[in-house]
Amino acid sequence: MNQPNSNANPNAPLTKTMDNIVALCRRKGFVFQSSEIYGGINGFWDYGPLGVELKRNLKEAWWHDIVRCPGRGPDGKIIDMVGVDCTIIMNPKVWVASGHAAGFADPMVDCRACKSRFRADHLLDLLKESKWVESLVLAVSENQASNVNFDVAWVNRWAVNKGKKLAPNLYIVKNPVMNLPAYSPDSGQQGLPMNWLLHLVAGSHAAGKPILPCPDCGGELTEPRQFNLMFQTYVGAVQSEDSMAYLRPETAQGIFANFKNVTDTSRVKVPFGIAQTGKAFRNEVTPRNFTFRSREFEQMEIEFFIRPDTAKEWYAYWRDARFNWWKSIGLAGENLQLREHDKDELAHYAKEGAGTSDIEYRFPFTAPGFGELEGVAHRTDFDLRQHAEHSGLGDKLKYFDQELQVKMQGQGVAKEEIAAKSKYFPHVIEPSAGADRGTLALLCEAFTPDPSRPSGVVMKFKPRLAPIKAGIYPLVNKDGMPEVAEKLYMELRGRYAVEYDEKQAIGKRYARMDESGTPFCFTIDGDTLKDQTVTVRHRDTLQQERIGLDKVGAFLAEKIGG
RNA sequence: GCGGGUGUAGCUCAACGGUAGAGCAUCAGAUUUCCAAUCUGAAUGUUAGGGGUUCGAGUCCCCUCACCCGCUCCA
């Protein structure tokens, strides 16, 4: 975000940089820093009067299009979708079952010499790829048949030559004349020969404990430290180990935990989806890039439950449907892309699945790269199985597919087989979107510098998403115009977010509308009083037209849609 | 967490270690006939916060916080 700030020169045209977008968000009341008057708090953001409308519009569009009016699936049938609203704090066993309690805590090590940081569980892999280790292994293996019982003299020789350049902070480079002990597989060291070699050159014998050197410089690493991304809290007034709980790191588990409740009460049948919006919390190591990586954020998640053998088609369906949805709300240009994950970046539960893809937006701070808006993943039956096991419900958590049962009965399948196959754990396609990231993408997409306008910038939100749909203004604050404008405002405000303003010159009011992204202005002028028409001012084109005073509501309904 | 940088009114910036200011924006009144118009007036600061040096600190020193950049991390 360290882009040149065009505000430094008030005469220079505004540019589409993150600094300028953040400044507009602050100035117009889209986004504020949380607890700003106390100096803020890292990784937390508030939405102001305009921002809350924008984010609500995004979430409501999602809820409307996903839960109320989902389309037809790949099977041609109307999609079955219901919603839930689960608590942020759940029984801590949920996070043991989901794997978050263990998996969200990454042990990290730091290099004391060069200050690099690594994941402790990636250390060996990083070392194998390290330049100085490559050189060392080459030097050692060139000079003997076995890399197990090598001569320590060769290691010392490497240390004073190549090692000095490649790994300046390595133990044996700093202590090249030491008498190295004879490490061998029989001396109690565990693991691969690579390990012994690394422990040897890192001076493990001197430190009295097995330590590994820094992949970058060979320096001494700190003990692994836990970086737990889960927010902890306590339930009840007394804090103790027993009362410890977590703020959810994702909303998905509330859906899985309620799977049985929903199927028992709502008459949904596989394939069907459960949708939820809500806050989630992660102690990110580095909150960065405005609201993009916040520690408190809101998700819009669907868990779509399917027969395992239909995973491919449903995965493809949701991937494309979600991509098109983001297009439909205004992220239509080249800044939106769909990216299929490579196998090696898949989450543990998705390795065997039909795939994972990200819907990504090119934010000013990621450009020319992209940042994730939504992930669509085939989660297999991992979560339901985990909850079946950890809750003790076992097979009771399985879905009973009566349609399948009837079908198999018709085919004359054996009774035992029908009993076994008609109860199963459905697989899951999970489209998981970020509401705050979506809002941020809408803000970035809308931000359009325009030197020809007094405001210098116009926020081109689609009417459906715009925080304010229309401004209703008397051209001048007299001659009966305010009365007519106020009456129109009172008629419209029950249905639409509209604004009434009678102060200052009309040009100033239009300019403010450009910055808040209001797509239409209805201006009551002298002619209105004669022929009952008003001027419509279009934000994007600056063009004006006249329509009947009684047509304004229908005009908005048509333009906003939905 | 590590390293580097930044922090003065809503914004953009001034102020030699010696009384914190300007422009724009905002608000009020007047004016008015379609794009930040004009006139008059008003409000605005614990100089990020705390401590220290000094007769005196926005300015020098230390600590904390926040933000930015790089590293790291990112189910």
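Proteins get letters first, then strands, A, B, ... in listed order; numbering begins at 1 in each.
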Rounded C1' spacing from B:rG49 to B:rU32 in Å: 48 Å
Give one of base, sugar-phosphate or nothing for A:Arg537, where a contact means two heavy atoms less than 4.0 Å apart. base
Within a strict 4.5 Å, meaning less than it, do heavy atoms of the A:Leu331 and A:Leu373 side chains meet? yes
Would you measure the distance from the C1' atom in B:rA14 across to the matching atom in B:rG70 and give it in whole Å? 32 Å
Looking at B:rC11, does its base get a donor-acceptor pair with the side chain of A:Arg26 below 3.5 Å? no
Taking the six-membered ring of A:Phe292 as reference, does the cationic atom of A:Arg437 (NZ for Lys, CZ for Arg) lie under 6.0 Å from its centre and within 45° of its axis? yes
Grab the CG-P distance between A:Asn42 and B:rC2 for me, whole Å please. 13 Å
When you compare B:rU44 with B:rC35, how far apart are their C1' atoms, in angstrom units rounded to a whole number? 29 Å
Round to the nearest Å and state the distance from A:Arg293 atom CZ to B:rC68 atom P. 12 Å
Atom CZ of A:Arg453 to atom C1' of B:rA36: distance rounded to whole Å? 13 Å
Looking at A:Trp318, is A:Arg322 sitting on its ring face, NZ or CZ under 6.0 Å from the six-membered ring centre and within 45 degrees of the normal? no
Under a 4.5 Å cut-off applied to non-hydrogen side-chain atoms, are A:Glu298 and A:Thr277 in contact? yes
Taking the six-membered ring of A:Tyr473, is the NZ or CZ of A:Arg509 close enough (under 6.0 Å from the centre) and on axis enough (within 45°)? yes
What one-letter contact string describes nucleotides 23-33 of chain B from 5' to 3', where B marks a base within less than 4.0 Å of any protein heavy atom, S marks contact via sugar-phosphate atoms alone, and - marks no contact? ---SSSS--BB
Could you check how far NZ of A:Lys28 sits from P of B:rC11, rounded to whole Å? 14 Å
Polar atoms only, N or O, under 3.5 Å: list the protein pairs with nucleotides 46-48 of chain B and their distances.
none

B:rA30 and B:rU12: how far apart are their C1' atoms, nearest whole angstrom? 30 Å
Could you state the CZ-P distance from A:Arg379 to B:rA75, rounded to the nearest angstrom? 12 Å
Under 4.0 Å, heavy atoms only, any strand: does A:Gln543 hit a base, just the sugar-phosphate, or nothing? nothing
Send over the distance from A:Asn20 CG to B:rC67 P, rounded to a whole Å. 19 Å
Establish, from distance only, whether the side-chain atoms of A:Glu360 and A:Gln337 form a donor-acceptor pair under 3.5 Å. yes
Does A:Tyr473 make a side-chain donor-acceptor contact with the base of B:rC34, cut-off 3.5 Å? no
Got a salt bridge between A:Lys55 and A:Asp436, using NZ or NE/NH1/NH2 to carboxylate O under 4.0 Å? yes
Using the C1' atom as the reference point in each nucleotide, state the distance between B:rA43 and B:rA57 in Å, no decimals. 28 Å
On a whole-Å scale, what distance lies between the P atoms belonging to B:rC61 and B:rA20? 22 Å
Please work out the stems of RNA chain B from pairs that are Watson-Crick or G-U wobble with both distances under 3.5 Å, keeping only runs of three or more consecutive pairs. B:1-7 with B:65-71, B:10-13 with B:21-24, B:26-30 with B:38-42, B:48-52 with B:60-64
Would you kindly compare A:Trp45 and A:Arg546 by the position of their nearest RNA chain B nucleotide and give the one closer to the 5′ end? A:Arg546
Using the C1' atom as the point on both nucleotides, what is the distance between B:rG51 and B:rA15, in whole Å? 25 Å
Is the shortest distance from a Lys or Arg side-chain nitrogen in A:Arg248 or A:Glu296 to a carboxylate oxygen in the other one below 4.0 Å? no
Can you tell me the distance, in whole Å, between the NE2 atom of A:His100 and the P atom of B:rC74? 13 Å
I want to check a possible cation-pi pair here: A:Arg537 against A:Tyr510, using under 6.0 Å from ring centre and within 45° of the ring axis as the test. yes
Whole-Å gap separating P (B:rA36) and CZ (A:Arg27): 16 Å
Base, sugar-phosphate, or nothing: which does A:Gly43 touch, judged by heavy atoms less than 4.0 Å apart? sugar-phosphate
Atom pair CD/CE of A:Gln253 and A:Met90 - distance to nearest 0.5 Å: 7.5 Å
Flag, side chain of A:Arg319 to backbone of A:Gly355, donor-acceptor distance under 3.5 Å: no
Check whether any side-chain heavy atom of A:Leu247 lies under 4.5 Å from a side-chain heavy atom of A:Ile89, and answer yes or no. yes
Write down the distance separating the P atoms in B:rU46 and B:rG10, rounded off to the nearest Å. 8 Å
Between A:Glu515 and A:Arg27, is the closest basic N to carboxylate O distance under 4.0 Å? yes
